Amino acid sequence: LIWVFGFFTIVALLSCNRTFDLTEPVRTFPDAPSTPINVSGLLNDQSITLQWEVLDTSSVKRFRIYLTDSTGQEARLRDSTPGVSFNRTIANVALNQTMYFRVATVGKEGIEGMRSSPPLRVRLAPLSIVIDNGREYANRREITVRANAPSGVTNIKLSENADLSDAVFKPFALDQSFTLSDGDGLKRLYAHFVFTDGIQTGSPVIDEIMLDTRARIDTVYFLPAGTTFTTGSAITFRVRSGEPGGQARISFPGVDALTLYDDGASPDAVAGDGEYSLRYVVPMLLSVDDGPVTGAFTDAAGNQAATQTAFSTLNIVPATGQPTP
């Protein structure tokens, strides 16, 4: 009669009364390592950072990450950690595709434990925020933020700080109101999203806008100065604001709202430097006697500067033989 115990075989002969005592203990397989729990994920741009916990870390050698079906049964190895760490970033994750992840612990003896359950559902989709319909400038601190996100987003938080430490999550809505910090200049806004399954975005979603709440005119003048112009004379008018991308105009008696340009074409010397110019040829019959030259300016954000008058006054006398109006 033969009995099998672990790695040992005992043979007893029924025809005799001899017995055998085993003094060496029977060896057993080591216990399986702890199963990862609280598996979660942080969504980034076409990547996901998986995170998990393990109750007993004493026997952990590494972790294996599996892509599975929705039940967690059909699995293929997607990645593994190089050592004992409790997060792993999976790169090159396809957009608009639902995936299920499970994590298993590998013990120091090389034995793999049970995979985490239930599977973590992940679906990456394009995320973005758009400030004030994509405008380059805002002329007020109160802005509207359009959050473009797939279904399943439950909460959002916004901040001008990259770590969003000063922000709190609010219920998700397509359009969010936000007040920018004081002071003109470039404003960068960061957003984090939370999904119904608890997954959050890892890297923040970003958009930016230039806050410009006021316009100004530095100087208004014309060249050549100290000249009495006549029919056919060329006058160069200039409005210097220091702000490119706006609209500058000149008015004087008999002529209203001539448009000046900052395009680098004569007589404008440099394009985009915030100095606007116009070469004006005096028409017939125009007469101006010590007329004020007034500049107006609207910046790219839509702010209107206070009008400003040139220090010199304008004199135009019609050419000899022309009637004076």
Side-chain angles (χ1 to χ4, degrees), residues 35-54 62-105 115-131 134 144-178 187-209:
T35 302
I37 60 174
N38 298 331
V39 179
S40 61
L42 298 175
L43 301 183
N44 304 301
D45 183 17
Q46 285 197 265
S47 71
I48 178 170
T49 299
L50 299 176
Q51 300 175 326
W52 57 87
E53 300 174 17
V54 174
R62 64 190 302 109
F63 295 96
R64 289 175 180 159
I65 299 165
Y66 291 90
L67 266 178
T68 75
D69 61 13
S70 60
T71 66
Q73 300 305 309
E74 297 181 12
R76 65 180 178 86
L77 185 63
R78 179 62 173 81
D79 205 344
S80 65
T81 64
V84 182
S85 60
F86 301 96
N87 62 79
R88 183 68 167 168
T89 297
I90 310 298
N92 301 318
V93 178
L95 294 174
N96 300 315
Q97 178 179 328
T98 301
M99 289 159 290
Y100 299 86
F101 288 95
R102 298 181 76 181
V103 183
T105 306
R115 296 168 189 161
S116 58
S117 185
L120 178 69
R121 180 184 181 276
V122 174
R123 182 180 179 86
L124 261 66
L127 296 169
S128 66
I129 56 173
V130 179
I131 301 173
T144 299
V145 182
R146 170 63 60 92
N148 299 311
S151 60
V153 176
T154 59
N155 297 86
I156 183 175
K157 64 179 176 180
L158 300 168
S159 175
E160 290 183 62
N161 295 320
D163 61 3
L164 289 95
S165 58
D166 60 340
V168 296
F169 280 110
K170 297 180 179 179
F172 177 78
L174 186 63
D175 292 316
Q176 303 278 331
S177 297
F178 188 85
K187 304 292 182 178
R188 184 171 287 114
L189 195 62
Y190 302 87
H192 267 315
F193 297 88
V194 176
F195 296 81
T196 52
D197 51 14
I199 290 180
Q200 300 185 24
T201 47
S203 301
V205 180
I206 307 170
D207 195 22
E208 58 187 26
I209 195 166

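Model, not experiment: these values are computed from the prediction.
Using a 4.5 Å heavy-atom threshold, the side chains of His192 and Ile156 count as separate. A heavy-atom distance below 4.5 Å is found between the side chains of Pro126 and Asn96. For the pair Phe193/Phe172, a side-chain contact is recorded, criterion being any heavy-atom separation below 4.5 Å from C-beta on. Contact annotation: the side chain of Leu42 never approaches that of Ile48 to less than 4.5 Å [non-hydrogen atoms, C-beta and beyond]. Contact annotation: the side chain of Phe178 never approaches that of Gln176 to less than 4.5 Å [non-hydrogen atoms, C-beta and beyond]. At a threshold of 4.5 Å between non-hydrogen side-chain atoms, the residues Ile65 and Leu50 count as touching. Between Arg146 and Leu174, the closest side-chain pair of non-hydrogen atoms falls below 4.5 Å.
Note: Lys157 NZ to Lys170 NZ = 12.0 Å, rounded to the nearest 0.5 Å. Rounding to the nearest 0.5 angstrom, the gap separating the OG1 atom in Thr105 from the CZ atom in Arg115 is 12.0 Å. Between atom CD1 of residue Ile90 and atom CD of residue Gln46 there is a gap of 14.0 Å, rounded to the nearest 0.5 Å. Once rounded to the nearest 0.5 Å, the distance linking CG of Asp207 with OG of Ser128 reads 8.0 Å. With rounding to the nearest 0.5 Å, the separation of CH2 in Trp52 from CD1 in Ile37 is 13.0 Å. Annotation: the span from Leu189 atom CG to Ile131 atom CD1 amounts to 5.0 Å, rounded to 0.5 Å.
Counting all heavy atoms, side chain and backbone alike, Glu160 lies closest to Tyr190 at O-CE1, 3.5 Å. Contact between Thr201 and Leu127 at its shortest, heavy atoms only, is CG2-CD1, 3.3 Å. The two residues Ala167 and Leu158 have their closest heavy-atom pair at CB-O, 3.3 Å. For the pair Leu164 and Pro204, the tightest heavy-atom approach, listed with the atom from each and the gap, is CD1-CB, 4.0 Å. Of all heavy-atom pairs spanning Asp166 and Ser159, the tightest one is OD1-OG, 2.6 Å. In this structure, Thr68 and Ala75 approach most closely via the heavy-atom pair CG2-CB, 3.7 Å.
There is a side-chain donor-acceptor pair under 3.5 Å between Ser80 and Arg62. Donor-acceptor pairing under 3.5 Å is recorded for the side chains of Asn38 and Glu53. Thr98 and Arg123 form a side-chain donor-acceptor contact under 3.5 Å, judged by distance and modelled atom types alone. No hydrogens or angles considered: nothing links the side chains of Asn87 and Thr49 as a donor-acceptor pair under 3.5 Å. Between the side chains of Ser203 and Asn44, at least one donor-acceptor pair of N or O atoms lies under 3.5 Å.
Asp163 places a side-chain N or O within 3.5 Å of a backbone atom of Ser165 that can act as its donor or acceptor partner. Between the Arg102 side chain and the Ser116 main chain, a donor and an acceptor come within less than 3.5 Å of each other.
Ring centroid separation for the pair Phe86 and Phe63 comes in under the 6.0 Å cut-off.
Taking Glu208 as the reference, Arg188 meet the salt bridge (charged side-chain N to carboxylate O under 4.0 Å, His left out) condition, with sequence neighbours excluded.
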*Please walk me through it: do Leu67 and Tyr100 pass side-chain contact (heavy atoms from CB on, under 4.5 Å)?*
CA-CA 6 Å; Leu67 266 178; Tyr100 299 86; 5.9 Å; no
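For residues 77-96, every residue pair satisfying the salt bridge (charged side-chain N to carboxylate O under 4.0 Å, His left out) rule, not counting sequence neighbours, is listed here: Asp79-Arg88.
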